[in-house]
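The figures here come from the full heavy-atom set of this structure, side chains too, leaving out hydrogens, waters and symmetry mates.
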Amino acid sequence: MSVGIGIGLPNVSIGINLGGYPDLRPIPGYPVYYAPNVPGNYFFYDGMYWSFWNDNWYVSSWYNGPWALVDPYVVPVYILRVPVRYYVEPPVYFRSWAPNYPPRWGQHWGRGWEERRHGWDRWDRSRAPGRAPLPTYQRRYTGDRYPSTYEQQQRVRRDSYRYQPKNSVVRQHLREVEKRPSGPPVRQERPEMRGPGAMPPAQMQRGPERERQAPMQHEPRMQPPAQHAPKAMEPPRGHEPRIEQRMEPRQERMQERMERGGGPERGGGQGRGRGQDKDDERGR
């Protein structure tokens, strides 16, 4: 859900659920804080919280959201410049990049992004802006006291935090959201808002393909319906009488030997003339 400036409405939950205000530490040489104890890529810059999750940037004015999806074309340059080493849970494709340098966003988002954000990684460190004051008033709002609606959050923020963002897109976003009625409840799924229509969809919707497709490899395959196999062990119909006929002559011969006093134990039948019976016969 876009408000037309590249930042969506604050109605997204990104899976970061904090029980209290996070421990934010300054990144040396950058006007940005990071949260080493938060399970995610979590930063504070220009009076707002920023998180890189699921290959997208999100922003919030409160430490536990709700979050708004940010178009990659309008992410502040100082957020983009944060070195890889300050990403607590970097994506797999970050790991081959130098830890003291920012991620290779042009490689991640494609040529169209690189052309429009040309020069994002070059800056005069001596002219970097100062860090915005931390909104420590939010420490009082934990558990059930955490504002349940965005309207309540904005009201508390106006009364407790006088800092105004320097980034023009963020300022416009805050003004636009204040004019809108209450949004829908916080959603768990990631929306598909991608910002301005000039964004090249084929390039903007990707990270490395192995990162995008890996979760899909664990889906179970559908098994074909079971088919009843023929009863291979059962003899075909019509063969039973033939078996009985084949067995009857044998039974008759055995019975005939028994009547004559034969049988294996007495030297009758096929075993006659062997063993002890053979010696008896020789003695006769």
Side-chain angles (χ1 to χ4, degrees), residues 7 10 12-70 72 74-109 120-121 123 125-126 128-143 145-147 153 156-157 160-161 163 165-167 170 186 188 190 207-208 211 214-215:
I7 299 180
V12 182
S13 173
I14 60 175
I16 295 178
N17 296 307
L18 305 180
Y21 190 79
D23 177 23
L24 294 168
R25 302 180 185 180
I27 298 177
Y30 295 78
V32 183
Y33 295 82
Y34 82 111
N37 298 322
V38 171
N41 305 308
Y42 191 101
F43 306 95
F44 182 82
Y45 165 72
D46 201 24
M48 305 286 283
Y49 302 89
W50 303 81
S51 179
F52 185 68
W53 176 78
N54 201 19
D55 286 342
N56 292 285
W57 279 103
Y58 293 85
V59 65
S60 176
S61 59
W62 276 73
Y63 70 87
N64 207 31
W67 300 83
L69 179 63
V70 183
V74 301
V75 177
V77 290
Y78 286 104
I79 287 292
L80 297 175
R81 292 166 178 167
V82 171
V84 169
R85 66 185 305 170
Y86 294 102
Y87 285 76
V88 176
E89 292 187 358
V92 174
Y93 53 93
F94 273 34
R95 296 173 186 172
S96 61
W97 298 342
N100 293 327
Y101 290 87
R104 301 176 185 176
W105 297 117
Q107 179 179 328
H108 175 65
W109 280 317
W120 66 272
D121 55 345
W123 54 296
R125 294 176 181 268
S126 64
R131 299 185 187 94
L134 293 174
T136 54
Y137 70 92
Q138 294 183 8
R139 291 175 178 169
R140 302 191 301 268
Y141 297 90
T142 61
R145 296 198 62 194
Y146 193 85
Q153 292 182 353
V156 174
R157 187 176 187 274
S160 307
Y161 192 62
Y163 179 84
K166 300 293 190 297
N167 185 276
V170 174
V186 175
Q188 294 295 330
R190 178 173 60 89
E211 182 78 2

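In this view, Phe44 and Tyr49 satisfy the ring pair (Phe, Tyr, Trp, His ring centres under 6.0 Å) rule, not counting sequence neighbours. Asp23 pairs by the salt bridge (charged side-chain N to carboxylate O under 4.0 Å, His left out) definition with Arg25, not counting sequence neighbours. The side chain to side chain contact (heavy atoms under 4.5 Å, CB included) test applied to Val88 returns no partner, not counting sequence neighbours. With sequence neighbours excluded, the residues that form a side chain to side chain contact (heavy atoms under 4.5 Å, CB included) with Tyr137 are Trp62, Pro135, Arg140, Tyr141, Val156, Arg157, Ser160, Tyr161. Considering only residues two or more places apart in sequence or on other chains, Tyr34 meets the ring pair (Phe, Tyr, Trp, His ring centres under 6.0 Å) condition with Tyr86. Every residue was checked against the salt bridge (charged side-chain N to carboxylate O under 4.0 Å, His left out) condition with Arg104, not counting sequence neighbours, and none meets it.
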(message) Go through it in stages, so that I can follow the logic: the residues are Asn56 and Val70, the test is side chain to side chain contact (heavy atoms under 4.5 Å, CB included), and I'd like the CA-CA distance, side-chain angles, deciding distance and then a yes or no.
(response) CA-CA 7 Å; Asn56 292 285; Val70 183; over 6 Å; no
(request) Go through the steps for Trp105 and Val75 under the test side chain to side chain contact (heavy atoms under 4.5 Å, CB included), then give the verdict. (result) CA-CA 11 Å; Trp105 297 117; Val75 177; over 6 Å; no
(request) Given side chain to side chain contact (heavy atoms under 4.5 Å, CB included), test Tyr93 with Gln107 step by step and report yes or no. (result) CA-CA 11 Å; Tyr93 53 93; Gln107 179 179 328; over 6 Å; no
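With hydrogens and angles left out, the side-chain atoms of Asn167 and Tyr78 include no donor and acceptor closer than 3.5 Å. In summary, the side chains of Tyr163 and Asp46 do present a donor paired with an acceptor at a separation below 3.5 Å, with no hydrogens or angles considered.
Of the possible polar contacts, none joining the Thr142 side chain to the Gly20 backbone as a donor-acceptor pair under 3.5 Å is found. Under the 3.5 Å distance criterion, the side-chain polar atoms of Arg125 are left unmatched by any main-chain donor or acceptor of Tyr30. Looking at Gln153, its side chain never comes within 3.5 Å of a backbone N or O of Tyr146 through a donor-acceptor pair.
Rounding to the nearest 0.5 Å places CG of Asn41 at 6.5 Å from OG of Ser51. Here Asn54 contributes atom CG and Ile14 contributes atom CD1; the two are 10.0 Å apart, rounded to the nearest 0.5 Å. The line from OG of Ser60 to CH2 of Trp67 is 5.0 Å long, rounded to the nearest 0.5 Å. Interatomic distance, OG of Ser13 versus CG of Asn64, reported as 8.0 Å (0.5 Å rounding). Arg81 contributes atom CZ, which lies 7.5 Å from atom CG of Asp121 (distance to the nearest 0.5 angstrom). Here the CZ atom belonging to Arg139 is positioned 7.5 Å from the CG atom belonging to Leu134, to the nearest 0.5 angstrom.
Contact detail for Asp55 and Trp109: the closest heavy-atom pair is O-NE1, 4.2 Å. The shortest non-hydrogen separation linking Tyr21 to Thr136 is OH-N, 4.1 Å. The shortest heavy-atom contact between Gly130 and Pro31 is O-CB, 4.0 Å. Here the closest non-hydrogen pair linking Ala128 and Trp123 is CB-CZ3, 3.7 Å. For Gln138 against Ser61, the heavy-atom pair with the smallest separation is NE2-O, 3.1 Å. Contact detail for Ala35 and Leu24: the closest heavy-atom pair is CB-CD2, 3.9 Å.
Side-chain rings of Trp50 and Phe43 stay apart, their centers remaining 6.0 Å or farther from each other. Taking the six-membered ring for Trp, Trp53 and Tyr42 have ring centres at least 6.0 Å apart.
Val84 is listed as a side-chain neighbour of Pro103, based on a closest heavy-atom distance under 4.5 Å. Within the 4.5 Å cutoff, side-chain heavy atoms of Leu18 are placed close to those of Val38. Between Lys166 and Pro129 the shortest side-chain heavy-atom distance does not fall below 4.5 Å. Using a 4.5 Å heavy-atom cutoff, the side chains of Tyr101 and Pro83 are not in contact.
Each of Val32, Val170, Val59 was checked for a side chain to side chain contact (heavy atoms under 4.5 Å, CB included) with Tyr45, and the lone residue meeting it is Val32.
Taking the six-membered ring where tryptophan is involved, the planes of Phe52 and Tyr87 are perpendicular, since the angle between them exceeds 60° and thus also 30°.
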